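Keep in mind the model is a prediction, meaning the values are calculated, not measured.
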Amino acid sequence: MQLTLEFGGGLELLCDSVKIHKVSVEPQNGAEMLTMKDLLTWVRTNLIKERPEMFMKGDTVRPGVLVLVNDCDWELSGQLNTTLEDKDVVVFISTLHGG
């Protein structure tokens with residue numbers, strides 16, 4: 001499954017300062033569908049290069065990280081249970097900034 005992942009608000013610094021990633025992710029353990037929970041596990045293992053605790057807490061994103069799936073807040077589509085489809089665009093934006 002081909003996905004576009006975008007990181008902003010400082011989260012790109014955890015991914016070698018690359019904001020946009022075109023990735024291929026397949027469902028795990030014989031599942032037919034890929035969920036956001038599966039994707040987050042994949043991102044932590046394959047994309048996050050340093051300080052994964054700044055991106056995730058437990059099996060979800062940290063408070064203060066906005067997640068959009070095809071420009072829709074994932075809280076409206078089921079959060080970790082959101083089902084992804086080929087060519088989806090998932091955006092992660094940190095809303096926490098120093099000042």
Side-chain angles (χ1 to χ4, degrees):
M1 180 175 306
Q2 300 297 316
L3 302 171
T4 301
L5 308 180
E6 299 181 16
F7 295 84
L11 290 176
E12 67 277 6
L13 299 174
L14 305 178
C15 304
D16 286 339
S17 297
V18 177
K19 287 190 173 203
I20 299 175
H21 300 262
K22 303 274 188 187
V23 299
S24 178
V25 182
E26 297 305 322
Q28 299 298 309
N29 302 321
E32 291 184 24
M33 294 188 234
L34 182 71
T35 65
M36 278 299 299
K37 183 174 182 176
D38 300 327
L39 178 63
L40 289 174
T41 299
W42 188 92
V43 167
R44 179 174 34 205
T45 302
N46 297 283
L47 287 184
I48 302 296
K49 303 299 182 193
E50 59 183 69
R51 301 180 63 184
E53 70 278 3
M54 298 299 293
F55 179 66
M56 293 185 68
K57 183 174 184 178
D59 62 354
T60 191
V61 294
R62 288 193 65 79
V65 175
L66 176 65
V67 181
L68 303 174
V69 179
N70 300 322
D71 295 325
C72 178
D73 189 334
W74 79 325
E75 292 185 7
L76 301 174
S77 62
Q79 294 180 315
L80 291 174
N81 296 320
T82 300
T83 302
L84 299 169
E85 297 181 6
D86 194 42
K87 309 262 192 282
D88 277 352
V89 177
V90 182
V91 179
F92 302 96
I93 301 171
S94 175
T95 61
L96 304 175
H97 302 280

Do [X] and [Y] share a hydrophobic cluster (ILVMFWY, side-chain heavy atoms under 4.5 Å, transitive)?
X: L80; Y: V90; result: yes
X: F7; Y: M56; result: yes
X: M54; Y: I93; result: no
X: I48; Y: V91; result: no
X: L13; Y: V43; result: no

What distance do [X] atom [atom1] and [Y] atom [atom2] have between them, rounded to the nearest 0.5 Å?
X: T83; Y: L34; atom1: OG1; atom2: CG; answer: 8.5 Å
X: Q79; Y: K37; atom1: CD; atom2: NZ; answer: 12.5 Å
X: R44; Y: L39; atom1: CZ; atom2: CG; answer: 11.5 Å
X: E12; Y: S17; atom1: CD; atom2: OG; answer: 6.5 Å
X: I20; Y: C15; atom1: CD1; atom2: SG; answer: 12.0 Å
X: L47; Y: L11; atom1: CG; atom2: CG; answer: 12.0 Å

Practice task
For the pair F55 and F92, name the ring-plane relationship: parallel under 30°, tilted 30 to 60°, perpendicular over 60°.
Solution key: perpendicular

By side chain to side chain contact (heavy atoms under 4.5 Å, CB included), which residues pair with N81, not counting sequence neighbours?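 Residues passing side chain to side chain contact (heavy atoms under 4.5 Å, CB included) with N81: none at all.
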
Any idea which heavy atoms bring [X] and [Y] closest together, and the distance?
X: H21; Y: V18; value: NE2-O, 3.0 Å
X: M33; Y: P27; value: O-CB, 3.6 Å
X: T60; Y: W74; value: OG1-CH2, 3.5 Å
X: S94; Y: G9; value: CB-O, 3.4 Å
X: P63; Y: L96; value: O-CD1, 3.6 Å
X: R62; Y: E53; value: CD-O, 2.6 Å

- Quick one: are D73 and L66 in side-chain contact, heavy atoms under 4.5 Å? yes

>> Looking only at side-chain N and O atoms, does D38 offer a donor or acceptor that is under 3.5 Å from a partner on T41?
In response: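 Short answer, no.
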
Inter- and intrachain pairs under salt bridge (charged side-chain N to carboxylate O under 4.0 Å, His left out), touching residues 13-25, at least two apart:
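Passing the test, one end in residues 13-25: no pairs.
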
For this session: Can you establish whether the number of heavy atoms outside D86 located under 6.0 Å from its atom CG is more than 12?
Result: yes

Exercise. For the side chain of D88 and the backbone of L3, is there at least one donor-acceptor N/O pair under 3.5 Å apart?
Worked result: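 Side chain of D88 to backbone of L3, a donor-acceptor pair under 3.5 Å: no, none is there.
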
For S77, is there any backbone N or O sitting under 3.5 Å from a side-chain donor or acceptor partner on T82?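 It does hold such a pair.
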
